[in-house]
There are 2 protein chains.
Amino acid sequence: MLFFDGGGAPNARRVRIYLSEKGIDIPIQSIDIMKSEHKTEEYKKISPLSQVPALELDDGTFITESIAICRYLEALYPEPNLMGADPYEIAQIEMWQRRLELLLMIPIASVFRHGHPAMAHLENQVPEWADANKPRIINFYNWLDNQMNGKDFICLDRYTLADITALTCFEFAKWPKIIIPENCKNLKKYYQMLADRPSAGA
Amino acid sequence: MLFFDGGGAPNARRVRIYLSEKGIDIPIQSIDIMKSEHKTEEYKKISPLSQVPALELDDGTFITESIAICRYLEALYPEPNLMGADPYEIAQIEMWQRRLELLLMIPIASVFRHGHPAMAHLENQVPEWADANKPRIINFYNWLDNQMNGKDFICLDRYTLADITALTCFEFAKWPKIIIPENCKNLKKYYQMLADRPSAGA
């Protein structure tokens with residue numbers, strides 16, 4: 001296998017953290033988004049929609065989409081389990097994973113892609129959309145803080161893929177300068193625990 | 001189990017089609033979004049973020065998020081398989097599922113929620129965002145038409161969850177009056193095949 005990495009891009013980092021937690025070692029080829037390397041015709045043969053990351057399998061086919069890559073590897077290497085070992089666990093992780101993606105990751109990406117000058121050459125920016133998403137993120141942080149009361153992990157009693165997504169969201173949100181509000185004590189503690197794991201350096 | 005249905009909402013319909021294809025029969029309780037029944041305090045005990053659909057399990061806990069519900073049921077009832085029977089299949093279905101959700105379903109929802117008068121009471125509308133998403137949908141349809149050349153299903157050689165998502169996208173797009181372009185012959189044929197299955201009536 002060969003992993004086409006996307007550097008700081010949150011979806012690329014998400015897979016790197018996953019690989020670190022699983023202890024899976026795959027050769028890496030870097031793709032520099034800021035140099036538009038993901039938009040070359042050569043890379044489009046790997047990832048037709050110019051997405052990073054991507055995984056080349058030993059038969060020469062490719063998987064794009066970060067979570068599809070994780071799901072492939074989880075099926076090959078079930079332990080340590082990060083995506084659920086029975087129907088209840090599988091559903092809980094997926095539910096939290098989707099809440100974080102749909103209600104946190106996408107709003108953060110919207111603020112960054114549509115509001116940050118560094119993204120102007122990659123995006124037809126709609127500044128009104130960036131502005132509309134800022135309060136949604138703060139509202140979600142406050143809701144999530146309440147949900148994290150008394151919990152170490154976002155779901156189940158162990159670290160899972162949903163926690164990886166939470167960490168990448170918290171750090172991605174710093175790009176458009178949105179930080180976890182001071183009053184969200186549970187969330188700040190949770191974030192610190194995630195950031196202290198060795199995999200956070202991946 | 002008890003299924004809290006959301007009527008015409010695409011995510012509720014997606015689960016109903018899934019149940020029909022699997023031949024799973026679960027009692028249904030209807031939640032009327034247009035009457036804001038999903039925003040009552042009583043329903044928030046089931047789905048804290050006021051989302052439909054939701055599934056109540058026999059132990060009295062709940063799963064929200066349509067795909068989490070499907071994943072729970074898939075783990076309980078693996079046949080007929082709609083979410084992948086080996087690592088390759090699992091990854092392909094997830095990859096296509098995510099492409100459709102992120103690059104088609106969400107843009108369609110954006111046009112509808114931010115551009116349609118009927119949604120004004122449920123959404124802080126940003127009309128500029130509705131306008132920005134219309135061409136993305138048409139571009140994606142054209143890309144997908146090319147991908148469907150010579151294929152009966154969107155991935156693998158059989159009907160899967162990704163095909164369910166494709167059907168709900170095509171029909172959801174009609175709400176904001178976006179139809180598959182005439183030149184997309186592969187896509188129109190594919191849509192007709194999906195719409196002709198008995199499950200499309202669910």
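Computed from a predicted structure; not experimentally measured. The chains referred to below are lettered A, B, ... by the order of the sequence lines, with proteins before strands, and numbering in each begins at 1.
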Checklist outcome for this item: Per-residue tally against chain B (heavy atom, under 4.5 Å) across D86(A), L73(A), L49(A) peaks at L49(A)
Item to check | Contact summary for Y72(A) and P87(B), nearest pair of heavy atoms | outcome: CD1-O, 3.3 Å
Checklist entry - Using non-hydrogen atoms only, which part of L103(B) is less than 4.5 Å away from chain A: side chain, backbone, both, or neither? => result side chain
Checklist entry - Based on non-hydrogen pairs under 4.5 Å, which of H114(B), E89(B), Q51(B) is most in contact with chain A? => result H114(B)
Item to check | Side-chain H-bond candidate by donor/acceptor type, R98(A) with T64(B), under 3.5 Å | outcome: no
Item to check | Engaged part of E101(A) at the chain B interface, taking heavy atoms whose separation is under 4.5 Å | outcome: side chain
Next on the checklist: Under 4.5 Å from any heavy atom of chain B, what part of L102(A) do you find: side chain, backbone, both or neither?
Outcome noted: side chain
Checklist outcome for this item: Here the gap from C70(B) atom SG to I90(A) atom CD1, rounded to the nearest 0.5 Å, amounts to 13.0 Å
Checklist entry - Got a sec: does the NZ of K151(B) have more than 12 other heavy atoms crowding it under 6.0 Å? => result yes
Item to check | Pairwise distance CG(L57(B)) to OH(Y88(A)) - rounded to 0.5 angstrom | outcome: 8.0 Å
Item to check | side-chain contact (heavy atoms from CB on, under 4.5 Å) partner of I67(A), chosen from M95(B), E94(B), Q97(B) | outcome: E94(B)
Checklist entry - Checking heavy atoms, do the side chain of L55(B), its backbone, both or neither come under 4.5 Å from chain A? => result neither
Checklist outcome for this item: Bottom line for W96(B): the part with an atom under 4.5 Å from chain A's heavy atoms is neither
Checklist entry - Does I179(A) CD1 have over 12 foreign heavy atoms under 6.0 Å away? => result no
Checklist entry - Heavy-atom distance under 4.5 Å to chain A: side chain of Q92(B), backbone, both or neither? => result side chain
Checklist entry - Checking heavy atoms, do the side chain of T61(B), its backbone, both or neither come under 4.5 Å from chain A? => result side chain
Checklist entry - With a cut-off of 6.0 Å (strictly less than), are more than 12 heavy atoms of other residues, nucleotides or ligands near CD1 of I24(A)? => result yes
Item to check | Heavy atoms of other groups near N183(A) CG, more than 12 under 6.0 Å | outcome: yes
Item to check | Portion of I69(A) that has a non-hydrogen atom of chain B nearer than 4.5 angstrom | outcome: neither
Checklist entry - Between F62(B) and chain A, which part of the residue has a heavy atom less than 4.5 Å away: side chain, backbone, both or neither? => result backbone
